Each structure stands twice: as C-alpha cells, then as structure tokens.
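Scope of the values below: all heavy atoms of this structure, side chains included, with no hydrogens, waters or symmetry mates. Residue numbers start from 1 in every chain, and the chains themselves are labelled A, B, ... in the order their sequence lines are given, proteins ahead of strands. If you're wondering where the values come from, they're calculated on a predicted model, not measured in any experiment.
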Number of protein chains: 2
Amino acid sequence: MRLVIARCSVDYTGRLNAHLPEATRLLMHKGDGSLLVHSDGGSYKPLNWMSPPCSFSVEELDDDDTAAGVVERWRVVHKKSGDALTVRIFELIHDSAHDLGVDPGLQKDGVEADLQRLLAEQIGLVEDGAQLVRREYPTAIGPVDHMVRDINGNHIAIEVKRKANIDAVEQLTRYLELLNRDPVLAPVRGILAAQSIAPQARTLAVDRGIEVLLLDYDAMKGVDSGAPTLF
Amino acid sequence: MRLVIARCSVDYTGRLNAHLPEATRLLMHKGDGSLLVHSDGGSYKPLNWMSPPCSFSVEELDDDDTAAGVVERWRVVHKKSGDALTVRIFELIHDSAHDLGVDPGLQKDGVEADLQRLLAEQIGLVEDGAQLVRREYPTAIGPVDHMVRDINGNHIAIEVKRKANIDAVEQLTRYLELLNRDPVLAPVRGILAAQSIAPQARTLAVDRGIEVLLLDYDAMKGVDSGAPTLF
DNA sequence: GTCTCTATCTCGGAC
DNA sequence: GTCCGAGGTAGAGAC
C-alpha cells in the first residue's frame with residue numbers, strides 16, 4: 001500500500017462527472033491498483049475513488065498542466081467500465097509504501113439474520129397458536145423470510161426487517177400478490193415484523209391490509225439467553 | 001490526519017459485533033476523531049471504522065493484553081449511539097501526522113465544473129474588460145472559483161454554482177472577508193454566478209453587496225462548441 | 001454469470 | 001431535527 005499526501009485536484013468521468021478542486025488530501029493506492037482519495041473528515045466514504053480491477057499509470061504532462069503547476073499526473077482507469085480518475089498533483093508532501101500482506105478478513109455476527117432466527121424460535125410472538133412452516137420459504141421472486149400457519153391453518157407470510165420502510169411494504173406486497181395466486185396457499189395474510197417502522201410505511205401497510213408487528217430485539221435476545229427464566 | 005501502519009486486532013460492538021484478527025493494516029485517524037481501518041485491497045469500504053461524532057482515547061493495558069503482546073490499546077466510542085471500536089496494537093510500523101485543512105468538497109454532476117470552465121473561457125460575460133487572473137485562486141480556507149480583474153484593475157472574486165442558495169452566499173462572504181484583509185488585493189468585489197439563485201440567497205447577497213450574475217448554460221455551451229463562429 | 005436483498009450502508013434534499 | 005430516496009451504491013448469497 002502506498003500512502004501519498006499531496007496537494008492535488010481530481011477528476012472523475014464515468015457514470016457521472018465529478019471534480020475535486022485543488023486541496024491537500026490523502027491518496028491511498030492499494031496493492032490491487034485501486035485508488036482512494038480521502039480528506040481529513042467525513043465518513044468512511046472517500047471523496048473519490050477507483051475500484052479494482054483498474055490500471056494505474058503516471059502520464060506525461062502537457063503544457064497546460066505544466067503552466068498550472070502540476071508536477072505529476074496520475075490516471076486510473078477501470079478495466080471493465082472504462083471509468084477514469086485523473087489526479088493532478090501540485091505538491092507531494094508525503095510518500096511511503098508499506099507491505100501489509102493479505103488480510104484475514106472481518107468476522108461478523110448478529111444483524112437482521114439474528115432477528116430472523118429469534119423470531120423463528122419465538123414464533124408464538126406473532127400470535128397465539130402460530131406455527132412455523134419454514135424459514136426462507138421460496139417463491140419465484142425470492143424467499144419469504146417466514147411462512148407461518150395460524151391457529152386456523154391459514155398461511156401468513158412474514159417479512160422481517162430491522163427498520164421497515166416503504167420498500168419493505170412493497171416487497172411484502174409483491175410476495176403476497178404471488179402467493180395468493182396459489183389456490184393451495186390462499187388466502188395468505190401478510191405481517192411486517194420489525195424493530196421499528198417508518199410512519200409512512202405503516203400507513204401504506206395498513207392501507208394494503210398488511211399487519212405490523214414490532215419486535216423487541218433485546219427482550220427476544222433475553223429469552224434466547226435464558227436469563228428471564230432464572231427465577 | 002494521523003496515519004498509522006500497525007499489526008493490530010480490532011473489535012466492534014454496536015449494531016452488530018465484529019472482530020478483525022491480528023494482521024497488519026492502515027489505521028486512518030481523521031481530524032474529527034473518526035477512525036478507518038483499511039487493508040491493502042478490497043473496495044473503498046474499510047474493514048472496520050467509527051464515524052463521527054466520536055471520542056478517541058488510548059487506554060491503560062490490562063494484564064491479559066500485556067501478556068498477549070499488546071503495546072497500545074485504542075478505544076473509539078460513538079457519542080450518540082455508544083457503538084465502540086477497540087484497537088489492540090501489537091506492533092507500530094509507521095506513524096505520521098499531516099495537516100490537510102478543510103476540503104472544498106466534491107463537485108458532482110459535471111454541470112458545475114462545466115459552468116466554471118465555460119465562464120473562465122467567456123470571462124467577458126462578467127462585464128466588459130474583465131480579465132481572468134486564475135481559476136481556483138487559492139486562499140487559506142479553500143480556492144475561489146475565479147479571480148478576475150475588472151477594467152480598472154480591481155479584483156473580483158467569483159463563486160460559480162449551478163443553483164445558488166444561502167450557503168453559496170455564506171461561502172463567498174467568507175472568501176471576501178479573507179481576501180479584503182490583504183492590502184495587495186483589496187478592495188475585492190464579489191460576484192455569485194449561477195444558473196439560478198434562490199430568492200432568499202439573492203436578498204442576502206444584495207444585502208452584503210455581492211453581485212449576482214445569472215448564467216445561461218445552453219448559450220455558453222453553444223459558444224463553446226464553436227458552432228456560431230462557423231460562418 | 002445472473003438476480004435479489006442487505007448494509008454499522010452513506011449522502012443529500014425536503015418538510 | 002426526521003423521513004425519504006438515490007447511490008459511480010458495494011457486498012453477500014442463491015441459483
């Protein structure tokens with residue numbers, strides 16, 4: 001990995017055109033050829049970048065660049081899309097290279113998958129007598145998170161989200177439309193189960209006859225850990 | 001911005017839990033306290049990170065860490081969510097700090113950059129006798145889009161926007177305040193050049209003695225293409 | 001390869 | 001502030 005601190009301007013042309021005026025920034029040039037341009041603030045997203053696979057080259061300076069005070073010009077071109085990043089360096093402040101080796105990678109645990117698993121284990125939270133048919137119930141347009149039968153034997157399709165928004169309602173609507181065409185399954189009710197739901201999403205859901213179930217993650221996790229049953 | 005190359009392990013607890021086993025990585029510690037952990041590959045997304053606003057501290061080592069060979073332990077805690085990142089450093093390979101200043105930010109969408117270039121080429125649109133001193137005229141708080149001299153030799157600072165709003169007026173005001181402190185430049189007039197300007201921005205600009213220039217992008221582009229000069 | 005969905009999404013704009 | 005929609009979305013998983 002090569003780290004360069006430089007006063008530079010950057011131009012991107014691809015899906016859109018974008019320009020970074022002259023300023024001092026970090027240029028992170030990774031081993032796979034990719035380039036990240038970071039300022040001293042903002043979030044983890046670089047100001048500009050080029051993703052691998054891409055080719056990196058140092059170009060000849062033309063008269064305009066020389067006149068403008070450019071001391072080096074980089075060009076990074078994406079190998080598939082042709083998107084290009086041009087970096088004009090006016091002053092090189094720091095330049096170092098480091099051998100980092102291959103990273104073992106991030107070990108994650110616990111997100112939406114957790115919520116899904118917990119609800120499957122505590123399917124009674126949906127309503128009395130609810131029974132899980134299967135998780136990730138397959139349909140032609142993708143799997144429904146949970147397929148459940150209520151106490152009367154009628155089907156319920158459940159979509160689990162951490163935060164439910166309009167998209168979640170639309171997604172569940174599509175599933176329900178498809179599932180209700182199957183005479184073996186119909187009628188299928190829909191339940192949107194989430195830790196939180198956006199007001200407009202709730203309105204839309206209610207309007208479409210989709211029920212909303214708020215999930216208390218911590219409580220569900222407590223049940224899972226067995227803690228509440230200690231006494 | 002502080003750049004550290006170190007053999008380290010990283011733990012995140014927050015929305016989820018995540019762990020990075022010991023390996024050599026780049027730790028980018030930004031001026032706003034945020035921390036990015038990058039490997040020498042992958043995309044622009046760090047392996048792990050903490051977004052601002054957050055607090056950074058170096059912690060006392062406990063016996064376990066010392067026994068494991070930890071030489072330094074960092075803790076970065078998000079000020080609102082409480083999400084926390086713990087970095088255990090086993091070996092410090094590189095450590096450097098750099099003053100980058102405030103970044104002028106990305107100009108997306110190409111149109112604004114286009115406008116800037118076109119106005120530089122057709123600087124006479126500003127007023128009769130106007131002459132371009134330079135584009136991206138540098139100041140301590142970032143570059144002014146265009147520095148121009150009027151027919152009497154007085155300076156004009158021009159800020160170019162696609163849509164000018166209050167922020168644009170504030171930005172130009174800051175530049176003018178700074179530039180007018182320089183006896184070599186003063187007095188510096190200010191012109192806000194835009195395709196459109198919000199009513200409140202226009203009012204504020206006029207109130208501050210900043211002139212407003214409406215730009216006709218299509219007309220300027222037409223001149224640029226050379227079409228009108230063919231006959 | 002394709003499609004589909006998630007994300008510690010990030011980021012901007014509108015209200 | 002909150003909510004909503006777009007992103008050069010990226011990345012993972014299923015098929």
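- Contact between the side-chain N/O atoms of Y175(A) and the OP1/OP2 oxygens of dT4(C) is not found at any separation under 4.0 Å.
- With hydrogens and angles disregarded, a donor-acceptor distance shorter than 3.5 Å links the side chain of Y175(A) to the backbone of P143(A).
- Rounded to a whole Å, the CG atom of L36(A) is 12 Å from the P atom of dA10(D).
- One atom, CD of Q195(A), and another, P of dA7(C), lie 11 Å apart when rounded to the nearest Å.
- Between the OH atom of Y137(A) and the P atom of dA14(D) there is a distance of 19 Å, given to the nearest Å.
- Nearest-nucleotide mapping onto DNA chain C: of G14(B) and S43(A), the residue sitting toward the 5' end is G14(B).
- Residue L47(A) contributes atom CG, which lies 14 Å from atom C1' of dG8(D) at whole-angstrom precision.
- At least one donor-acceptor pair closer than 3.5 Å links the side chain of R25(B) to the backbone N or O of C8(B).
- Side-chain atoms of D32(B) never come within 3.5 Å of backbone atoms of G41(A) as a donor-acceptor pair (strictly under, hydrogens ignored).
- On the P atoms, dG8(D) is 22 Å away from dC5(C), given to the nearest whole Å.
- Put simply, K45(A) has no side-chain N or O that comes within less than 4.0 Å of OP1 or OP2 on dG7(D).
- The nearest whole Å value for the distance from the CD atom in Q171(A) to the P atom in dT4(C) is 11 Å.
- Using a 4.0 Å cut-off between charged nitrogen and carboxylate oxygen, E170(A) and R208(A) count as a salt-bridge pair.
- Map P138(A) and N48(A) each onto its nearest nucleotide of DNA chain D; the residue landing nearer the 5' end is N48(A).
- DNA chain C lies under 4.0 Å from no heavy atom of any residue of residues 77-85 of chain A.
- Computed from coordinates, the D167(A) CG to dT9(D) C1' distance equals 14 Å when rounded to whole Å.
- Rounded to whole angstrom, the span from the CD atom of E136(A) across to the P atom of dA12(D) amounts to 18 Å.
- Base contact: Y12(A) has a heavy atom under 4.0 Å from a base atom.
- Which of dG8(D), dC4(D), dA7(C) sits closest to the side chain of R162(A) comes down to dA7(C).
- No donor-acceptor pair closer than 3.5 Å links the side chain of D65(A) to the backbone N or O of V70(A).
- Using a 4.0 Å heavy-atom cutoff across all strands shown, E159(A) reaches sugar-phosphate atoms only and no base atom.
- Salt-bridge check for K161(A) with D145(A): failed, with every basic side-chain N at 4.0 Å or more from each acidic carboxylate O.
- Rounded to an integer number of Å, the gap from NZ of K30(A) to P of dA10(D) is 14 Å.
- Residue M50(B) is out of contact with every strand shown, counting any heavy-atom pair closer than 4.0 Å.
- Between P143(A) and Y44(A), the one whose closest nucleotide on DNA chain C sits nearer the 5' end is P143(A).
- Of the possible donor and acceptor atoms, none in the side chain of N165(A) sits under 3.5 Å from a partner among the backbone N and O of A198(A).
- A distance-only check finds no donor-acceptor pair linking the side chain of N154(A) to the backbone of D150(A) [under 3.5 Å].
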